[in-house]
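Just so it is clear, the structure is predicted and the values come from calculations on it, not from any experiment. Below, all heavy atoms of this structure are taken into account, side chains as well, without hydrogens, waters or symmetry copies.
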Amino acid sequence: MNWFLKGLKKGIKTEKFPKTNPIDIAPWSTELNGSGNVNCPTKAIDNGSWNSERCIYCRRCYPLYSPTGNIDIFKVNKKNNIFRRSFYVYPIDIGTCGGCNLELKLISSPQYDMTRFGIFFTNTPRHADALIIMGVMTEGMKEPLLNAYEAMPEPKLIIALGVCAISGGILGTGSQIEPDVIIPGCPPNPYTILKALIEAKGDKE
Amino acid sequence: MRRLIGQLGKFCLYSDTYFEGTCPHIENEEIANSPYGAFNFTYGPSAGGLFESVGIDINTFGEYIRNIKVNPNYKKREIRILDKSIEDAILYIERINAAFSASHVISFLSAIDKISESDIDSDVLNLRILQIEMERIRNNLFVIERLVESAGFQVPLYQLQYLIENVNRKIGKLFGHRYFFGVNSLRKININDPKVDFTGIEREFKTIYEDIIENRIFIDRLQGNGIIKDERSIGPAARAAGFYYDARIEDEFLPYKDFDFKISTYNSADAFGRLIVRSEEIFESLRIISQIKVKSKEYKIKVNDGEGIGRVESPSGDLAYFVKVNNGKVVNIDLLSPSSINIELFSKSMVKNIFTDFPFNWESFGIWISEVGVRFI
Ligand code: SF4
Ligand code: SF4
């Protein structure tokens, strides 16, 4: 049987998300809720409130704080509906553990199928509408990051994916480029990533 | 039989012992006399097609590769771990390489267990085996996915991605986190939901596996590509060359001998052999997992001062830590990552191959730059 028929035989695997609720989310990648003073290693809990931009999901605050299952922990400060039909993203790893890379990649899996929203990966910043920055800022990646940023045409969006790129998490410092979109998590789960990208490209609700 | 594994800080590590001093290097075969038309070409550090940031310097003569050097230092991270408590150190260790996070933490904890002389409950050790084997399944699927992606085979690519996502969801359901972060500590292995069933995975992978190894175009790209038969090999690269090397049977700290499974080997020593070994290992890992009863477990390890070495069989081969503890704090730590050895093997195997072989051969070693580009401070 040829590959095309083999593919057809499997049927549709894509989920209805975001029209329906996400299924099977690992709890320790979602919003935390609770109260009390905790010795949080990244000060993600300070004065009793939880800051997604610093949380590395180490569970030290459990059971005072526990995951709610809510995936909407991202922030879109700037979106651009010029990208509604097609949104090309260029991922750059400036010092990751590989976790953010793996989860980002998985939004192209059949369960999520990012292409149905017109989201694609591109191999060059020249063709990119958004730069997705992952990892802590390392010395050797400062120049490649700047080069990628400058190579991109306007208008462009900057997305910080994962706590390392946002705040440095536990390992270092963030990317230093002001992001338009932040997607917290260590690593962020694919549902959160996909939903944030859909919003960033200016899709109607 | 004693085999040499590699450099672990000031020690040269062997399968059954270690000595202070430097291990002999694997020499990359360079071809002398640069002929007319030979030139250097740098790929990366941030280039489409590369999963992580890495610089690859290729000396080539048209299609023919004369020499290749991998530079993992672009994304080198300084990990501030010295003088941290063991519990805090775990937070750092699990973020060295997400793909092998369980292997890293369990190797580190094995070193701690050894110096602590604690008797670790067999249920705890079995739960550690469970994590490593699940990690192996996920990683091997990922390596195979990268191979079919390099060949541009969209249907099996998406079938494999579907399966990887399914495995991730099962890991996430069982342990609460898809990459085992926050799972291990000195008191407990965090189990979220012990009733996770892995049975569908074998059936699903079997059909994909049969389809891809029947595909002449695909296997042509792998057969004869990146041949390396070297006694210094580790992991799937060694086993694909017929060496019966595996920390699971050599290091008795994790009780693999209690499980019924076989070490998969092959005898082609090329990228195809590495694909076969990794695929067969998925079935064997599933077999191990099916023999483990999952239940939550609390325990207590009292950390002693001293130094020790822990080693596990990660999805890409031997992974070892040397740890020195003083007053409950990590005062010295060294890592031997499988990727650092596999980079040397890859570089050696690439010489005299042609340029188009490069992506397939690179992916077949399952190298993670994140675990090589690390400096402990
Ligand atoms: S999970 Fe860890 S990092 Fe996140 S808030 Fe709790 S203690 Fe802080
Ligand atoms: S945010 Fe977490 S998963 Fe992402 S690179 Fe950093 S340590 Fe890894």
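The parts of N166(B) that come within reach of chain A are both its backbone and its side chain, each placing non-hydrogen atoms under 4.5 angstrom from that chain. No part of R80(B) comes within reach of chain A, as not one of its non-hydrogen atoms sits under 4.5 angstrom from that chain. There is no contact between S101(B) and chain A, counting heavy-atom distances below 4.5 Å. Only the side chain of N168(B) comes within less than 4.5 Å of a heavy atom of chain A; its backbone N, CA, C and O stay farther away. Looking at E149(B), the atoms closer than 4.5 Å to chain A (heavy atoms on both sides) all sit in the side chain, from C-beta outward. In this structure, the portion of Y179(B) lying under 4.5 Å from any heavy atom of chain A is its side chain and not its backbone. For K173(B), the part lying near chain A is the side chain, with the backbone staying farther off; criterion is any non-hydrogen pair under 4.5 Å. Residue contact with chain A, scored on non-hydrogen atoms closer than 4.5 Å, involves the side chain of F142(B) exclusively. Interface residue I79(B): only side-chain heavy atoms are found under 4.5 Å from chain A.
Put simply, the side chain of R95(B) gets close to the backbone of I56(A): a donor and an acceptor are under 3.5 Å apart. Checking side-chain atoms of H177(B) against main-chain N and O of C186(A) turns up a donor-acceptor pair under 3.5 Å.
Across all non-hydrogen atoms, the minimal contact from A98(B) to G98(A) is CB-C, 4.2 Å. A pairwise comparison of heavy atoms in P41(A) and L91(B) identifies CG-CD1, 3.9 Å as the closest pair. Of all heavy-atom pairs between P27(A) and N192(B), the closest is CG-ND2, 3.4 Å. The two atoms that bring G172(B) and A26(A) nearest to each other are CA-CB, 3.8 Å, heavy atoms only. Minimum interatomic distance between T138(A) and K75(B) (heavy atoms only, all atoms of both residues): OG1-CA, 3.6 Å.
At a threshold of 4.5 Å between non-hydrogen side-chain atoms, the residues P190(A) and E165(B) count as touching. Looking at E52(B) and C97(A), their side chains never come closer than 4.5 Å, going by heavy atoms from C-beta outward.
When each of P187(A), G172(A), A148(A), C58(A) is scored by its heavy-atom pairs under 4.5 Å with chain B, the top score falls to P187(A).
Salt bridge status for E94(B) with R59(A): absent, with no side-chain N to carboxylate O gap under 4.0 Å.
Rounding to the nearest 0.5 angstrom, the gap separating the CD atom in E143(A) from the OG atom in S46(B) is 12.5 Å.
Listed by chain and residue number, D197(B) satisfy the side chain to side chain donor-acceptor pair (under 3.5 Å) test with T199(B) (two or more places apart in sequence, or in another chain).
The contact list for residues 100-115 of chain A toward chain B, using heavy atoms and a distance under 4.5 Å, reads N101(A), L102(A), E103(A), K105(A), L106(A), S108(A), S109(A), P110(A), Q111(A), Y112(A) by residue number.
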